[in-house]
Amino acid sequence: MSYVELKDIRVSYDNKANILKDLNLSIEKGELVSLLGPSGCGKTTTLRVIAGLIEPNDGEFLVDTQNLTKVPVHKREFGMVFQSYALFPHLTIKENVAFGLKLRKEKKNSIEKKVKDILAITGLEELGDRYPKQLSGGQRQRVALARALVIEPKLLLLDEPLSNLDAKLRLAMRIEIKRIQRQLGITSVFVTHDQEECFSISDRVAVMNKGVIEQFDTPEEIYNNPKTEFVARFIGFENFFELTPTEEWNYKAIDGTVFHSTRDWEPGKHTGTIRPDDIEITRNSKQTENNMVSGIIKVRTFLGKSYQYEVETPIGKLLANKTDDVVYQVGDEVTLSMPSHKLIIV
Amino acid sequence: MRKNIGLKIFAGLVFAFLLVPLFIIIVTSFGTNSTIQFPIKGFTLDWYSKVFDNEAFMDSFFLSLQVAFFATLLALIIGVPAAYSLARHKVFGRNWIKSFFLSPTIVPGLVVGYAMYQFIVIKFQFPIIQGLFLGHFLICLPYVIRVVGSTIEQLDFSIEEVSWTLGCTKLQAFIKVVLPNITSGIFASFMLAFINSFNNIPVSQFLSGPGVTMLPTSLMNYIEYNYDPSVSALSVILMLGTIVLMYVIEKTLGLASIS
Amino acid sequence: MTQRRVPYLILAPGLILLILFLVLPLISTIFPTFFNGGFTFSNYTSFFLDEYNFGIFWRTIKISLIATLICVVLGVPTAYYISQSPKKWRGLLMSITLFPLLTNSVVRSFAWITILGQDGILNNALMNIGLLSKPLTMLYTEFAIVIGSVYLFLPLMVITLVGILENIDSEIMEAAETLGANRLIAFVKVILPLSVPGIIVGSILVFTGSLTAYTTPQLLGGNRNIMLATFLYQNATALGNWQGASVIALIMIVATLIVMKLFSWVAGRMDKRGEASA
């Protein structure tokens with residue numbers, strides 16, 4: 001049994017539409033798990049169920065074999081970092097951080113020491129006596145983190161904590177969060193809609209869509225082997241085309257082209273997909289080999305490090321990126337080849 | 001999903017405290033007894049017809065409507081341009097002038113009426129009705145300055161600059177661009193000022209005389225000597241007026257805009 | 001040159017009307033109270049030294065203070081409840097609060113006459129269920145004025161507070177809960193301190209409103225429970241003591257200003273979020 005267990009969680013606000021349906025999730029001790037998905041997919045709801053801010057209509061929630069489903073939020077002892085940081089504007093940074101410790105009726109010098117230590121870890125030593133209004137976005141973020149961590153929570157919950165920061169700061173903070181999480185070995189759940197952020201920080205990622213988890217795997221596994229069309233689309237597979245399975249590892253497209261894959265896919269899957277980066281473009285060779293289609297370039301877009309071509313082919317419109325010196329023109333006939341180890345069937 | 005029963009009960013009791021007295025008035029207006037009773041015996045609409053037959057009530061009702069309407073109108077004519085000027089122009093002592101415009105709210109209404117009566121009616125022998133009108137203008141003006149002022153401050157200044165670049169004079173820009181965009185603020189301040197003028201007692205208390213009595217004062221005088229359900233009936237009619245106004249405000253601006 | 005004059009021309013009509021019909025009347029009414037042969041404060045010192053007069057002043061302050069306190073106690077939780085309600089209910093609850101506010105204050109005081117009177121609804125109800133053997137005197141007491149004032153001004157307090165409480169990020173309350181505070185503690189430690197500015201503004205409205213109210217003490221206080229406003233009216237009309245009325249007028253103005261300054265000062269001291277001093 002895992003450290004954190006969500007079992008058949010169902011959440012519905014009006015008992016008609018389900019926000020979450022039969023959601024199951026297991027998290028190991030010390031792990032940082034991300035919930036990734038577009039807005040409205042239920043990732044924040046899941047986090048709020050864990051926090052105890054939403055009571056699920058059905059299902060159970062366990063931590064360390066204890067059933068916490070009915071335990072109110074203030075008795076769960078989880079640290080939570082909110083999207084808006086939710087710092088108490090009427091308290092200084094020190095008072096903000098000490099808030100949870102005071103409620104636990106800890107001794108005064110113990111509180112002082114803990115506050116001092118956590119402010120040091122989060123790099124806020126100098127700012128203890130300021131008020132939240134006087135801090136920058138990144139500093140407020142650290143305070144929110146310190147306040148959640150200082151109570152030595154069983155679980156750290158982060159609700160899109162980086163979404164209010166600018167790009168540069170976001171990068172620095174996510175390294176910071178990862179470092180502190182590792183240092184304290186604290187089991188964490190991180191909600192985000194940013195794929196790159198999520199992959200860089202997580203041990204495992206749960207990709208969510210419409211209230212269910214579509215795939216729960218390591219970042220590498222999700223990046224390389226999306227299990228469903230939704231996951232593939234969400235993480236940047238922009239080319240999708242119908243295939244019919246023929247013999248083992250072989251598929252046939254609607255124009256008869258044979259696609260070969262290097263792997264065994266679950267039966268019943270029949271959509272081929274590949275990233276624009278993984279398609280190779282060459283001048284039309286008029287050859288018909290496996291895993292190759294020919295077409296005409298319709299649109300060319302300059303992306304900076306490469307060009308993206310939109311190519312009209314018998315199996316549909318395909319996007320391909322090319323970094324080479326050879327630049328094709330709109331109207332050029334080209335051949336696209338899809339390496340069999342890059343082709344995914346979902 | 002997460003409820004708080006204690007808070008709910010507390011708030012429920014407060015809402016009951018706010019509504020039950022008015023509900024009682026409504027019920028008592030239908031009683032047949034010649035003094036006010038609750039619960040009532042019998043059912044009659046006689047007290048309503050009594051209200052409409054009471055000349056003092058009807059005269060003061062129309063007087064109140066007129067005074068409130070024209071006082072508000074004058075406050076708008078003078079207040080809207082002033083609010084604009086305070087929001088947009090570089091005016092020496094801007095904050096002082098603004099506070100000065102809002103000062104009628106600081107002076108207690110009864111004192112306003114009293115000073116006005118002493119100065120204008122006694123000293124300069126103005127007719128009471130003029131003092132009444134001016135007194136109500138004074139209490140209307142701050143609403144216009146405050147509400148219209150904040151509407152103008154929220155209005156994007158660049159739309160005026162655009163209209164200047166397109167060839168509008170300052171006055172044309174005010175009429176063609178600013179006014180159409182602050183109608184909601186003007187309407188809200190009109191409603192607020194009108195309601196407050198119509199309901200006001202302290203200012204009118206001194207400024208009344210033969211044939212010049214505002215409805216609330218007239219109702220108050222009546223209550224001092226009578227205790228019959230026609231007071232309830234008139235109260236219900238006034239409440240209906242309030243409901244109509246609230247409905248109009250809700251449909252046009254949303255009640256949030258005046259609270 | 002002419003461009004610069006435009007704002008002053010626009011502001012002039014309002015300023016002139018205010019000076020002519022507010023400032024001058026006030027000065028001409030109040031100025032004479034400082035002269036008795038020469039310049040003197042004697043009218044004011046003798047007002048406060050007179051036991052009867054001071055009693056009225058003290059009653060006014062006391063009733064206003066009690067009414068304000070009750071409005072805070074009833075208003076804060078109610079406003080919090082409204083601000084936490086779902087959008088569709090909030091409109092209705094705000095209407096319930098606004099409705100009495102927009103209803104004529106004579107009507108509102110009259111309602112309490114019918115409830116608190118000797119033969120009123122409350123007395124009859126209490127006697128019917130056997131809690132009382134003879135009616136209590138509730139109307140024409142200070143108690144009646146307090147109830148009337150609370151009834152008059154509670155909506156103002158609630159509406160002011162809803163405005164403030166709605167703007168408090170709901171995640172702040174949740175953050176307090178995740179840190180181990182139950183609802184009540186989170187409310188007391190977080191929501192209450194943050195609503196101080198609203199409580200102050202609301203208290204200024206209620207306190208100065210009660211301090212200068214005329215209708216409520218006139219209708220619910222009777223002859224024995226005179227307050228400053230009714231005393232002013234009585235002096236000017238029944239007693240024909242214009243000087244006395246003018247003295248009370250200035251006392252009411254000054255008391256209003258002092259209350260506003262005092263409360264704002266308190267607000268400044270308590271609101272230490274330090275926006276400016278970075």
Side-chain angles (χ1 to χ4, degrees), chain B residues 4 7-8 10-11 14-15 17-19 21-22 24-25 28 36 38 78-79 81-82 84-86 89-91 97 100-101 103-104 106-112 114-116 118-120 123 134 137-138 141 195 199 201-202 205-206 216 219-220 223 231 235 238-239 242 245-246 255-256 259, chain C residues 6-8 10-11 13-15 17-18 21-22 24-26 28-29 74 77-78 80-82 91 93-100 102-108 110-115 121 151 154-155 159 162-163 183 212 214-215 218-219 229 232-233 236 242 245 249 252-253 256-257 260:
Chain B
N4 193 334
L7 183 63
K8 202 168 197 167
F10 186 94
V14 170
F15 290 127
F17 171 72
L18 289 176
L19 287 187
L22 298 178
I24 288 172
I25 291 189
T28 57
I36 288 170
F38 186 89
I78 286 179
Y84 175 80
S85 196
L86 286 172
H89 292 148
K90 267 199 188 120
V91 180
I97 296 177
F100 186 53
F101 273 115
S103 65
I106 294 171
V107 183
L110 194 72
V111 175
V112 172
Y114 170 65
M116 191 80 91
Q118 279 260 42
F119 187 70
I120 297 176
K123 216 173 198 166
L134 286 166
F137 159 76
L138 288 179
L141 190 61
I195 291 169
N199 283 336
I201 292 169
Q205 202 56 30
F206 279 101
L219 180 59
M220 194 150 156
I223 290 174
V231 182
S235 301
L238 289 174
M239 281 189 249
T242 308
L245 280 181
M246 282 177 71
L255 281 170
S259 53
Chain C
V6 168
Y8 299 99
I10 296 173
L11 293 169
L15 292 176
L17 283 177
L18 275 176
F21 300 114
L22 186 67
L24 283 183
L26 281 175
S28 97
T29 313
L74 296 182
T78 308
Y80 181 65
Y81 180 76
I82 294 177
L93 297 178
M94 283 299 272
S95 310
I96 294 177
T97 317
L98 265 174
F99 181 61
L102 298 179
T103 302
N104 198 293
S105 58
V106 179
V107 172
R108 286 190 275 167
F110 172 70
W112 286 101
I113 297 181
T114 67
I115 294 171
I121 292 156
Y151 190 63
L154 181 58
I159 285 164
V162 169
R183 291 283 183 89
T212 59
Y214 173 75
T215 320
Q218 177 69 14
L219 287 176
L232 190 163
Y233 190 70
W242 293 100
M252 280 167 71
I253 295 176
T256 305
L257 287 175
M260 290 173 73

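By convention in this document, chain letters (A, B, ...) are assigned in the order of the sequence lines, proteins followed by strands, and residues within each chain are numbered from 1. Side chains are part of it too, since the values below use all heavy atoms of this structure and drop only hydrogens, waters and symmetry mates.
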- Residue part contacting chain B, namely of T103(C), when any heavy atom lies under 4.5 Å: both
- Note on the structure: Most heavy-atom pairs under 4.5 Å with chain B, out of I115(C), L22(C), T256(C), belong to L22(C)
- Note on the structure: So CZ of F99(C) and CE of M239(B): to nearest 0.5 Å the spacing works out to 5.5 Å
- Message: Less than 4.5 Å to any heavy atom of chain B: does that hold for the side chain of I82(C), its backbone, both, or neither?
- Response: side chain
- Item | chain B contacts, top residue of L24(C), L154(C), L257(C) (heavy-atom pairs, under 4.5 Å) | L24(C)
- Query: Do I25(B) and V107(C) come close enough that some side-chain heavy atom pair is under 4.5 Å?
  - Reply: yes
- Item | Atom group of Q205(B) that falls short of 4.5 Å from chain C, counting heavy atoms | both
- Below 4.5 Å from any heavy atom of chain B, which atoms of I253(C) appear? Answer side chain, backbone, both or neither. both
- Message: Need one label for Y84(B): side chain, backbone, both or neither, based on atoms under 4.5 Å from any heavy atom in chain C.
- Response: neither
- Note: vs chain B, highest number of non-hydrogen pairs under 4.5 angstrom among I96(C), L18(C), T212(C) is L18(C)
- Message: To the closest 0.5 Å, what do you measure between CG (L15(C)) and CZ (F100(B))?
- Response: 6.5 Å
- Task: Mind ranking L26(C), N104(C), T78(C) by heavy-atom pairs under 4.5 Å with chain B and telling me who comes out on top?
- Result: N104(C)
- Message: The test is side chain to side chain contact (heavy atoms under 4.5 Å, CB included); show your working for L102(C) and L245(B) and say whether it passes.
- Response: CA-CA 9 Å; L102(C) 298 179; L245(B) 280 181; over 6 Å; no
- Using a cut-off of under 4.5 Å on heavy-atom pairs, state which of A11(B), S85(B), G79(B) scores highest against chain C. S85(B)
- Note on the structure: Counting heavy-atom pairs under 4.5 Å with chain C, the top scorer among L238(B), V91(B), L86(B) is V91(B)
- Item | Minimum side-chain heavy-atom gap H89(B)-I10(C) below 4.5 Å | yes
- Query: Looking at CD1 of I24(B) and CD1 of I121(C), how far apart are the two atoms once the value is rounded to the nearest 0.5 Å?
  - Reply: 4.0 Å
- Query: Atom OH in Y233(C), atom OH in Y114(B): separation rounded to 0.5 Å?
  - Reply: 12.5 Å
- Rounded to the nearest 0.5 Å, how far does CE of M246(B) lie from OG of S95(C)? 4.5 Å
- For W242(C), is it the side chain, the backbone, both, or neither that has a heavy atom closer than 4.5 Å to a heavy atom of chain B? both
- If you tally heavy-atom pairs under 4.5 Å between each of V231(B), L219(B), V107(B) and chain C, the highest tally belongs to V231(B)
- Gap separating the CZ atom of F21(C) from the CD1 atom of I120(B), nearest 0.5 angstrom: 5.0 Å
- Assert top hit (heavy-atom pairs under 4.5 Å, partner chain B, pool G91(C), A245(C), P13(C)) equals A245(C)
